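These numbers come from a predicted model, not from an experiment.
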Amino acid sequence: MANTALLPNSRTEPDGSAVIRVLGYNIRSMRDDTDALARVITACAPDLVLLQEAPLFFRWRKKLARLAAATGLVVLTGGATAAGPAILCSLRATAERTQDVLLPRTPGLHRRGLATAVVRFGRARLGVISCHLSLQADERYEQGGMLLDRLAGLGVEHAIAGGDLNDPPEGRTFRRLAASLRDCRTTAPWGGEHTWTRTEPPLRIDAIFATEGVEILGCGVPLDHPGVTEDDLRAATDHLPVLAALRIPAS
């Protein structure tokens with residue numbers, strides 16, 4: 001049964017480890033109620049936001065920057081240069097390096113990519129990837145392998161990856177990721193489960209994963225989180241967000 005207690009606030013521990021909040025969110029190119037979207041993100045008080053379907057076309061940088069400003073965050077990397085995934089961060093994070101990666105494109109299918117970064121929270125160092133995997137099963141499975149390779153290639157001891165997998169926990173790609181990484185929701189369930197509620201039955205196709213050594217304090221959909229309303233969740237986009245609280249050890 002999922003924990004309904006409040007997730008811990010961001011903080012730095014006496015031993016140098018950092019408690020952070022990470023939000024994963026498919027924002028449907030900001031085609032919906034952007035005020036509601038900003039309210040949901042702000043209420044979750046994230047240190048990192050792993051976005052999918054960030055704006056891709058006319059003035060996409062300005063649109064992404066406006067969302068960051070409206071939520072008290074800054075754009076770290078991604079957007080059109082990563083084919084949709086992006087990362088926002090709080091001023092608490094120090095960027096060490098970033099890279100946007102375009103994945104091989106299958107003719108007739110959407111181009112996919114990864115937004116990647118290495119950041120520090122004081123003495124805690126973390127690799128980060130935001131992803132949005134293919135709707136096509138075989139391509140999605142290959143992209144899952146590329147994500148794992150890219151995460152390992154960041155060269156950091158502790159890392160997270162999150163996004164819209166287009167695959168439920170029993171799916172082949174989800175299971176591939178969960179075999180190498182820890183599914184934060186399964187490890188420390190909190191809040192709601194399903195992120196795609198436009199079908200029956202609802203599905204969990206958005207997730208956050210972490211490497212060994214990252215302590216998972218809670219993860220799920222922030223349905224009853226203070227400041228997050230059902231009306232805003234429905235108006236903001238067609239997916240529900242995933243919020244995780246993690247403790248990153250000091251390097």
Side-chain angles (χ1 to χ4, degrees), residues 1-11 18-55 63-76 85-93 128 130 132 160 162-165 168 183-199 201-210 216-247:
M1 183 174 180
N3 183 10
T4 58
L6 295 180
L7 291 180
N9 293 323
S10 302
R11 63 180 183 267
V19 174
I20 67 170
R21 288 186 179 188
V22 180
L23 187 70
Y25 213 172
N26 183 319
I27 60 172
R28 211 169 82 97
S29 298
M30 296 173 62
R31 296 199 300 265
D32 301 293
D33 186 335
T34 55
D35 290 335
L37 178 65
R39 286 193 295 268
V40 171
I41 294 174
T42 301
C44 291
D47 298 287
L48 294 168
V49 183
L50 313 183
L51 297 176
Q52 297 80 52
E53 291 193 33
K63 293 174 182 176
L64 199 53
R66 285 177 176 168
L67 178 63
T71 55
L73 304 170
V74 296
V75 179
L76 181 59
I87 304 173
L88 308 182
C89 68
S90 70
L91 294 178
R92 184 175 177 229
V128 185
S130 175
H132 188 184
I160 61 171
D164 180 353
L165 307 183
D183 173 16
C184 292
R185 167 71 190 182
T186 297
T187 303
W190 169 89
E193 178 181 3
H194 302 112
T195 63
W196 178 256
T197 60
R198 304 297 173 103
T199 57
L203 302 171
R204 180 164 79 96
I205 59 174
D206 305 80
I208 296 172
F209 295 89
I216 302 163
L217 305 175
C219 180
V221 177
L223 295 177
D224 298 315
H225 190 75
V228 177
T229 69
E230 183 177 351
D231 287 345
D232 278 348
L233 288 172
R234 292 184 179 278
T237 177
D238 57 353
H239 283 245
L240 295 177
V242 180
L243 180 63
L246 310 171
R247 181 180 284 108

Given side chains that start at C-beta, do those of [X] and [Y] come closer than 4.5 Å, heavy atoms only?
X    : Y    : answer
V228 : L243 : no
T186 : R204 : yes
L233 : V40  : yes
L37  : D32  : no
L64  : L51  : yes
V74  : L88  : no
T195 : N26  : no
L165 : I205 : no

What are the two closest heavy atoms between [X] and [Y], and how far apart are they?
X    : Y    : value
L217 : A188 : C-CB, 4.0 Å
C44  : L23  : SG-CD1, 4.0 Å
K63  : M30  : O-CE, 3.5 Å
S90  : P46  : CB-O, 4.1 Å
L76  : C89  : CB-SG, 4.1 Å
S29  : A54  : OG-O, 4.1 Å

From [X] [atom1] over to [Y] [atom2], what is the distance, rounded to the nearest 0.5 angstrom?
X    : Y    : atom1 : atom2 : result
L6   : D224 : CG    : CG    : 10.0 Å
T237 : Q52  : OG1   : CD    : 10.0 Å
H132 : D206 : NE2   : CG    : 8.0 Å
L240 : E193 : CG    : CD    : 12.0 Å

Test your reading of the model: is there a side-chain donor-acceptor pair from [X] to the backbone of [Y], 3.5 Å cut-off?
X    : Y    : value
T197 : P202 : no
R185 : G192 : yes
R21  : L7   : yes
W190 : A244 : no
S130 : P85  : no
T187 : I216 : no

### Message
Using the ring pair (Phe, Tyr, Trp, His ring centres under 6.0 Å) criterion, which residues pair with H239? Sequence neighbours excluded.
### Response
W196

#### Entry: R39 and D232: CA distance, side-chain angles, deciding distance, salt bridge (Lys or Arg N to Asp or Glu O under 4.0 Å) verdict
CA-CA 7 Å; R39 286 193 295 268; D232 278 348; 2.8 Å; yes

### Message
For the CZ atom on R92, are there more than 12 heavy atoms of other groups (residues, nucleotides or ligands in this structure) within a distance under 6.0 Å?
### Response
yes

### Message
Would you say that more than 12 heavy atoms from the other residues, nucleotides or ligands in this model lie under 6.0 Å from the CZ of R234, or not?
### Response
no

### Message
Quick one, L73 with I41, criterion side chain to side chain contact (heavy atoms under 4.5 Å, CB included). Give me CA distance, side-chain angles, the key distance, then yes/no.
### Response
CA-CA 10 Å; L73 304 170; I41 294 174; 4.1 Å; yes

